[in-house]
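We use all heavy atoms of the structure for the numbers below, so side chains are in, but hydrogens, waters and symmetry mates are not. The structure presented is a predicted model; accordingly, all values stated were derived computationally and were not measured.
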Amino acid sequence: MTMTRRQLVAAIPAAALAVSLPRDVRAEDGRKVVTFWFGQANSDGQAALRNDLVEAFNASQDKYLLQLEVKGAAVNNLLKVALVAGNGPDIVQTAGPAYLTAIANAGQVLPLDDFAEKYKWKDRFLAPLLNTSVYGGKLYALPRDYESMHLFYNKELFKQNGWKQPTNRQEMEAIADAALAKGIIPFGAGNADWKGVNEWLMTVFFNNVAGPDNVRKALAGELPWTAPPFIEAVELSKAWYNKGYFGKNYFSLTIEQSFLQVVNAKAAMAFSGTWSFGTKSYGMSKPDTGWTSCRRRPSARPSRDHWSISPAARRCRSPRTRRMRKVQPPCSSSC
């Protein structure tokens with residue numbers, strides 16, 4: 001079956017259209033080339049993208065050739081330069097709504113409202129997630145993920161030291177202090193390859209110190225971010241860092257390196273998201289890694305990532321699947 005480029009856009013979850021100069025690049029076999037810039041993905045993620053998205057789409061028709069380019073953490077800066085020069089990609093992943101609004105204001109991204117109506121995206125996406133991509137009354141992107149933060153820990157290390165899953169701040173700090181006394185890093189953490197790790201940690205502090213109700217009020221403009229509950233959350237994060245809870249190499253370790261500290265018993269715990277479950281390179285296949293919720297009440301943060309697409313690619317289609325690999329059964333405890 002011959003699939004149009006408009007159809008491809010409709011089938012890719014978390015896609016939006018980034019404006020670039022019209023072009024007609026063709027592959028050796030005569031097919032029009034559709035470029036897709038992706039952010040960060042380890043070898044497992046890249047293999048899944050190429051197998052389940054790129055190869056599947058390219059094998060489904062003979063009119064278009066989808067090409068994937070993994071740009072890493074620099075994707076946002078590279079995108080800015082490319083769009084200004086008029087040679088940006090057809091499809092692009094951004095790090096979230098805050099990045100999307102800038103290129104929307106610059107007229108470098110196309111609204112997807114017509115596609116949303118035609119392909120009934122409002123029936124296929126949860127409204128709160130879809131609304132994160134609405135700006136100025138127009139839909140500019142689709143959310144890629146629905147994620148939440150969790151506390152991961154080394155089960156064997158906890159067993160050896162008689163530590164139990166913490167259920168409150170006092171218990172959490174008691175374990176952290178005990179770990180420090182033994183020369184163990186309380187929380188494996190590092191932002192060398194992605195500064196968004198700072199955001200992950202503040203998600204935990206805001207939700208557990210300021211509380212989800214106050215976070216909601218702040219997002220709605222009913223409470224300033226400088227209100228006492230948020231100051232308390234920031235001050236606590238600073239105090240934990242100064243005490244050495246996040247180790248001495250936060251700014252020089254990558255996400256993967258810091259998470260492996262937990263797997264290798266160099267660190268007792270780590271705050272990370274649901275994206276860690278399917279990452280083999282994080283060592284999640286080892287049975288000693290357990291996890292538990294780290295929120296006062298169940299909730300998930302909106303997608304961190306969005307995908308965008310340019311006018312040159314507004315007639316595309318391809319299925320996309322995301323592989324998740326369950327490693328450990330969940331522990332029903334919150335902190």
Side-chain angles (χ1 to χ4, degrees), residues 3-23 34-40 49 52-53 57 64 66 68 71 75-76 78-80 82-84 86 88-148 196 199 203 215-216 218-221 275 299-322:
M3 308 178 81
T4 67
R5 303 179 86 187
R6 181 184 295 264
Q7 289 173 321
L8 173 58
V9 173
I12 300 180
L17 302 181
V19 177
S20 63
L21 291 178
R23 61 187 182 277
V34 178
T35 56
F36 177 17
W37 281 14
F38 199 81
Q40 291 180 292
L49 280 168
D52 300 338
L53 172 62
F57 170 70
Y64 301 100
L66 181 61
L68 175 70
K71 297 296 184 179
V75 64
N76 295 301
L78 292 173
L79 178 63
K80 292 177 183 178
L83 290 178
V84 170
D90 299 303
I91 309 171
V92 67
Q93 173 194 8
T94 69
Y99 296 84
L100 181 64
T101 54
I103 56 178
N105 279 333
Q108 297 169 330
V109 68
L110 294 178
L112 298 176
D113 301 275
D114 291 342
F115 301 140
E117 181 178 355
K118 181 174 181 178
Y119 296 106
K120 303 185 184 303
W121 285 349
K122 291 184 179 180
D123 296 331
R124 300 169 60 186
F125 289 86
L126 295 175
L129 273 72
L130 196 62
N131 288 340
T132 63
S133 303
V134 174
Y135 179 66
K138 296 180 180 181
L139 178 67
Y140 284 105
L142 297 177
R144 193 196 73 174
D145 301 304
Y146 188 52
E147 300 167 335
S148 59
E199 170 201 338
T203 293
V215 170
R216 184 177 181 82
L219 291 172
W275 54 86
S299 94
R301 59 192 282 269
S303 169
R304 170 178 51 107
D305 300 318
H306 289 70
W307 291 1
S308 306
I309 304 177
S310 86
R314 62 176 181 254
R315 296 193 183 100
C316 309
R317 178 187 183 95
S318 171
R320 175 183 182 268
T321 60
R322 184 179 184 200

Side chain to side chain donor-acceptor pair (under 3.5 Å) partners of N105, counting only residues at least two apart: Y135
How long is the span from the CG atom in L142 to the CZ atom in F115, to the nearest 0.5 Å? 10.5 Å
Does the pair L66 and F36 meet the rule for a side chain to side chain contact (heavy atoms under 4.5 Å, CB included), with working shown? CA-CA 7 Å; L66 181 61; F36 177 17; 4.1 Å; yes
Kindly compute the distance separating CZ (F57) from CG (L68), expressed to the nearest 0.5 Å. 13.0 Å
Would you call W37 and D90 a side-chain contact if the rule is heavy atoms closer than 4.5 Å? no
Any I103 side-chain heavy atom under 4.5 Å of L83 side chain: yes
Nearest-0.5 Å distance, NZ of residue K138 to CG of residue D114: 10.0 Å
How about L139 and L130: do any of their side-chain heavy atoms sit closer than 4.5 Å? yes
Contacts of K80 meeting side chain to side chain contact (heavy atoms under 4.5 Å, CB included) (sequence neighbours excluded), chain-then-number -> N77
Heavy atoms, side chains only, cut-off 4.5 Å: are Y140 and L112 in contact? no
Between the main-chain N or O of P89 and the side-chain N or O of T35, is there a donor-acceptor pair closer than 3.5 Å? no
Under the rule for side chain to side chain contact (heavy atoms under 4.5 Å, CB included), what residues qualify as partners of V84, not counting sequence neighbours? Q108
Closest approach of L129 to P143 (non-hydrogen atoms, all atoms of both residues): O-CG, 3.6 Å
